[in-house]
K.L.:
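Take a look at the following structure, please.
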Protein chains: 2
Amino acid sequence: MKLNTKSRYAVMALADMSKFPLDSPVSLRDISLRQSISLLYLEQIFLKLKKNEIVKSVRGSNGGYVLRKDPKNIKLSEIFQAVDQKVKTVGCKKDSKKGCNGKSAKCITHELWDELDLYINNFFENKNLSDLLMTKERKN
Amino acid sequence: MKLNTKSRYAVMALADMSKFPLDSPVSLRDISLRQSISLLYLEQIFLKLKKNEIVKSVRGSNGGYVLRKDPKNIKLSEIFQAVDQKVKTVGCKKDSKKGCNGKSAKCITHELWDELDLYINNFFENKNLSDLLMTKERKN
DNA sequence: TATATACCCGACTAAAATAGTCAAGTATTA
DNA sequence: TAATACTTGACTATTTTAGTCGGGTATATA
């Protein structure tokens with residue numbers, strides 16, 4: 001079970017942004033250099049973050065991206081939903097032809113995966129960007 | 001974040017086996033039919049389960065596989081480790097050349113992924129095969 | 001107003017992982 | 001001696017991932 005780089009880079013980049021004054025735009029070029037993430041790839045990622053209203057863009061020179069909310073109020077779950085589709089460990093389709101129509105005898109493990117998804121989502125629901133910045137301080 | 005079919009099928013197959021008398025061998029053919037999993041693929045999976053001493057094989061006609069332990073004592077974490085490598089959401093190599101050598105400024109999110117791994121592994125550590133069989137009964 | 005900066009966006013691609021299949025066995029029981 | 005069922009390594013098609021490329025557009029500032 002692996003996390004893809006898109007989700008990972010998204011969190012890294014946003015965490016990076018959180019460390020700078022929140023009102024002035026941060027350019028992808030800077031993030032790219034600081035975090036060693038390809039600029040072109042970052043652009044792709046930020047397009048999604050923008051569409052999902054996590055950041056807004058400021059065009060032109062000295063432009064960049066700005067967080068739309070206080071890092072304290074940006075949950076990791078939002079970020080994941082924006083770049084990845086969602087944490088969905090297994091694709092037991094509702095209308096599948098073979099087995100697993102919800103409660104069939106076949107899909108004994110159906111409930112397990114549902115439970116797992118909830119469990120993992122719960123982790124991301126309860127973490128926000130500012131949590132990442134404090135290393136040993138208490139969560140506020 | 002997705003689970004692969006190998007892990008999923010392994011759990012399904014073993015859960016299936018748990019529903020039958022534990023001392024008589026269950027053939028992969030039967031599991032294949034009941035769970036709609038390719039027989040050839042099951043063979044590959046059971047090879048790993050056997051190597052990791054979760055099941056043992058009984059050759060010849062009327063043969064099949066037998067669980068080596070009571071389902072109550074087979075943790076899902078064992079199964080995952082047997083077929084998949086492990087839950088390791090991110091590959092921040094210890095000796096990486098670019099960034100992230102444990103505590104570097106770059107890898108702000110390093111601790112996060114470690115925490116996530118622990119969290120998920122915890123889920124699998126605390127579930128065993130027999131948990132899957134009881135739908136609404138209390139965990140014993 | 002020119003130019004550099006930086007976002008915008010769809011299409012493309014190489015590489016890796018996944019999800020199997022195939023072939024050619026061996027062991028055991030009825 | 002069939003038939004059943006495990007054994008094993010190699011092979012392959014498909015999908016996903018992790019990016020790259022090219023050609024834009026908008027804006028600040030010199």
K.L.:
Taking the side chain as everything from C-beta on, heavy atoms only, tell me whether B:Met1 gets closer than 4.5 Å to A:Met1.
P.N.:
yes

K.L.:
CD1 of A:Ile45 versus C1' of C:dC8: gap in Å, rounded?
P.N.:
15 Å

K.L.:
Are the side chain of A:Thr109 and the backbone of A:Leu112 linked by a donor-acceptor contact shorter than 3.5 Å?
P.N.:
no

K.L.:
Rounded to the Å, how far apart are A:Tyr9 OH and D:dA18 P?
P.N.:
8 Å

K.L.:
Return the value, rounded to whole Å, for the distance between atom NZ of A:Lys2 and atom C1' of C:dT18.
P.N.:
10 Å

K.L.:
Output the rounded distance in Å from CG (B:Leu3) to P (C:dT18).
P.N.:
11 Å

K.L.:
Please list, chain by chain and in numerical order, all residues satisfying ring pair (Phe, Tyr, Trp, His ring centres under 6.0 Å) with A:Tyr119, sequence neighbours excluded.
P.N.:
B:Tyr119, B:Phe123

K.L.:
Are side-chain heavy atoms of A:Asp131 and A:Asn126 found at a separation under 4.5 Å?
P.N.:
no

K.L.:
In terms of hydrophobic clusters joined by side-chain contacts under 4.5 Å, are B:Tyr41 and B:Val55 together?
P.N.:
yes

K.L.:
Who are the salt bridge (charged side-chain N to carboxylate O under 4.0 Å, His left out) partners of B:Lys69, not counting sequence neighbours?
P.N.:
B:Glu78

K.L.:
Which angle, to the nearest 10 degrees, lies between the helix axes at the two ends of the helix from C:dT1-D:dA30 to C:dA30-D:dT1, each defined by five pairs?
P.N.:
10°

K.L.:
From NZ of A:Lys56 over to P of C:dC7, roughly how many Å is that when rounded to an integer?
P.N.:
15 Å

K.L.:
How many Å lie between OH on A:Tyr41 and P on C:dC7, as a whole number?
P.N.:
18 Å

K.L.:
Return the set of residues passing salt bridge (charged side-chain N to carboxylate O under 4.0 Å, His left out) with A:Lys75 (not counting sequence neighbours), or none when no residue passes.
P.N.:
A:Glu125

K.L.:
D:dA18, OP1 or OP2 - any side-chain N/O from A:Ser38 closer than 4.0 Å?
P.N.:
no

K.L.:
Can you tabulate the close N/O pairs, meaning under 3.5 Å, that link protein atoms to atoms of nucleotides 5-11 of chain D?
P.N.:
from  : atom 1 : to      : atom 2 : distance (Å)
D:dA5 : O4'    : B:Gly60 : O      : 3.2
D:dC6 : OP1    : B:Leu28 : N      : 3.3
D:dC6 : O3'    : B:Ser57 : OG     : 3.4
D:dT7 : OP1    : B:Lys50 : NZ     : 2.7
D:dT7 : OP1    : B:Ser57 : OG     : 2.8
D:dT7 : OP2    : B:Tyr65 : OH     : 2.7
D:dT7 : O4'    : B:Arg59 : NH2    : 3.2

K.L.:
Provide, to the nearest angstrom, the distance between the CZ atom belonging to A:Arg8 and the P atom belonging to D:dA18.
P.N.:
8 Å

K.L.:
Which of parallel (below 30°), tilted (30 to 60°) and perpendicular (above 60°) describes A:Tyr65 and A:Phe46?
P.N.:
tilted

K.L.:
Can you list everything that forms a salt bridge (charged side-chain N to carboxylate O under 4.0 Å, His left out) with A:Glu53? Sequence neighbours excluded, please.
P.N.:
none

K.L.:
Rounding to an integer number of Å, can you tell me how far B:Leu42 CG sits from C:dA19 C1'?
P.N.:
13 Å

